[in-house]
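Just so we're on the same page: letters track the sequence lines, and every chain starts at 1.
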Amino acid sequence: MTTRDPLDEFIDAAASTLRLTVEPEWKPAVRANLEVTFRLAALVNEFQLPDDAEPGPVFEA
Amino acid sequence: MAGDKDLSWASAGDIAEAVANGTVGAAAMVEAALARIADRNRTVNAFTAVTAERARARAKAIDSARGRGEKLGPLAGVPFAVKNLFDVAGLATLAGSKINRDHKPAERDAPLIERLERAGAVLVGALNMGEYAYDFTGENIHDGPSRNPHDTSRMTGGSSGGSGAAVAGGLVPLALGSDTNGSIRVPASLCGLFGLKPTYGRLPRNRTFPFVSSFDHLGPLARGTRDLALAYDAMQGHDLDDPVCAARPSEPALPVLGRGLEDLRIAVAGGYFRRGAFPEALAAAQRVADALGVTREIELPEAHRARSAAYVITAAEGAAVHLERLRDRPRDFDPAVRDRLIAGAMIPAVFVNQAQKFRRWYRARVLEMFNDVDAIIAPATPCTAPAIGQQTFVLDGVELPVRANLGIFTQPISFIGLPVVVVPVPLAPLPIGVQIIAPPWREDVALRIAQALESDGVAAAPRPPE
């Protein structure tokens with residue numbers, strides 16, 4: 001039995017849930033972009049911020 | 001002003017003075033620009049629309065006003081053009097796309113066009129750009145690449161590629177672009193131009209096609225500091241229709257432009273901004289530092305993480321803008337843009353939220369640095385203009401993608417909305433830009449330093465061969 005790559009499964013599930021078409025020939029580029037984004041997001045996430053850190057945008061009521 | 005043969009390289013300020021004192025008519029200036037566009041646009045592919053009829057009518061009105069003895073504005077008779085994501089009445093706002101060609105024509109000009117025209121400038125057309133501004137190259141699959149006037153086999157940089165090509169090619173003295181992660185500063189660098197990305201929230205963005213609301217800025221490209229200041233001053237002011245636009249009074253830069261360096265404290269950005277750069281980028285920054293007598297080096301903390309966070313937010317917000325189009329017309333996008341936007345739509349919200357929290361942390365640290373310095377110098381791009389179509393470059397033995405890496409030095413700055421002037425350093429064979437970075441709302445400081453560098457001849461927009 002072969003195990004599918006979790007990122008491929010994530011892309012398939014997200015595309016289906018979001019009603020986005022990802023043709024097989026687009027998939028490698030979508031995957032490559034998502035891999036880069038996840039890698040850069042991990043770099044941000046590993047930087048420790050306090051629990052009460054506020055996001056950049058500030059809404060004024 | 002010099003004779004007709006030099007009109008294509010005249011500054012906006014000189015044109016406005018000549019029109020005001022009657023040396024040349026606005027109509028003649030506009031005809032010269034239209035002739036120049038007809039002659040040169042085939043080569044540099046800067047324009048996607050030429051608004052000849054409205055430009056002629058506008059020029060005629062300016063000449064009539066002068067004939068009646070009315071005082072003309074500071075940009076009287078100056079031809080200018082805008083990246084085609086600005087609304088221009090009567091034109092569909094393409095934003096570099098095929099899909100938007102089906103949009104209805106805009107009913108009203110963007111505020112910045114209205115403000116420049118109120119100052120006497122004359123819109124002559126709309127400019128090529130990377131699709132939906134998700135681009136650092138100036139290439140466009142639908143309209144063809146904008147071409148660098150210094151070497152038409154090379155990129156202009158993007159996404160305001162047509163803006164760079166139009167001004168560096170002498171088609172117009174002034175163009176507007178947008179800058180989300182570097183889209184004014186990258187083409188200014190690769191085309192050898194002066195470019196201003198004002199503070200986030202300084203200029204209104206309504207009636208322009210958005211990309212990433214958290215980072216979208218608008219600003220001018222020109223061949224000199226004075227022209228940047230003339231345009232910038234004419235465009236300042238609050239607009240209630242852009243909730244990001246700050247309710248600040250205009251703070252004109254032109255009156256303080258010649259104040260010189262006085263006691264400004266300037267430092268060079270080290271660390272991140274010394275890595276990932278080709279020797280020419282470091283040489284240009286060093287030349288600027290030497291001219292300013294700057295020896296101090298400082299390090300923007302966690303700049304690599306700032307760039308990463310900007311990347312994540314850009315992908316997610318950009319995807320949100322285009323989600324419906326991605327569902328309905330995915331085959332009508334540039335494939336390279338589409339595949340990045342599809343990936344952007346799949347980014348978990350927690351990543352975006354964390355990136356926005358990091359943004360506030362980083363902003364606070366960098367603002368602390370501005371307690372000790374008034375401006376920071378950094379390269380604008382890691383290299384001079386790559387060849388059109390070039391996918392990678394090799395730096396220190398490592399092959400890197402061109403498209404993403406052109407913005408590595410601009411992204412950590414726009415991430416927190418700092419004002420930047422890019423000054424061109426006329427290296428041979430190709431120019432390259434250096435960023436003068438100032439604290440929020442201190443565009444005047446960056447412009448003063450740029451003016452000093454221009455006066456010294458260290459910064460100059462080189463005239464390309466034809």
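- At a 4.5 Å heavy-atom cutoff, B:Arg363 makes no contact with chain A through either its backbone or its side chain.
- Contact tally against chain B (heavy-atom pairs below 4.5 Å) for A:Glu54, A:Arg39, A:Glu46, A:Glu60: the top residue is A:Glu54.
- Ring planes of B:Tyr362 and B:Phe415: tilted class, angle from 30 to 60°.
- Summarising the local packing, CD of B:Gln391 is surrounded by 12 or fewer heavy atoms from other residues, nucleotides or ligands at distances under 6.0 Å.
- Between A:Glu35 and A:Arg31 a salt bridge is recorded (basic side-chain N to carboxylate O distance below 4.0 Å).
- With respect to chain B, the highest number of heavy-atom pairs below 4.5 Å among A:Val22, A:Thr21, A:Leu18 belongs to A:Leu18.
- Note: B:Phe333 and B:His322 have perpendicular aromatic rings, judged against thresholds of 30 and 60 degrees for the angle between ring planes.
- Of the listed residues (A:Val36, A:Val58, A:Leu43, A:Thr17), the one with the most heavy-atom contacts under 4.5 Å to chain B is A:Leu43.
- Comment: B:Asp135 engages B:Arg403 in a salt bridge, judged by a side-chain N to carboxylate O separation of less than 4.0 angstrom.
- Proximity to chain B is absent for every atom of A:Ala32, based on heavy atoms less than 4.5 angstrom apart.
- The candidate from B:Arg307, B:His304, B:Arg338 with the greatest count of non-hydrogen atom pairs under 4.5 Å with chain A is B:Arg338.
- Using the six-membered ring where Trp is involved, B:Tyr272 and B:Phe409 have ring planes that are perpendicular, over 60° apart on the 30 and 60° scheme.
- Proximity to chain A (any heavy atom under 4.5 Å) is shown, for B:Phe358, by both the backbone and the side chain.
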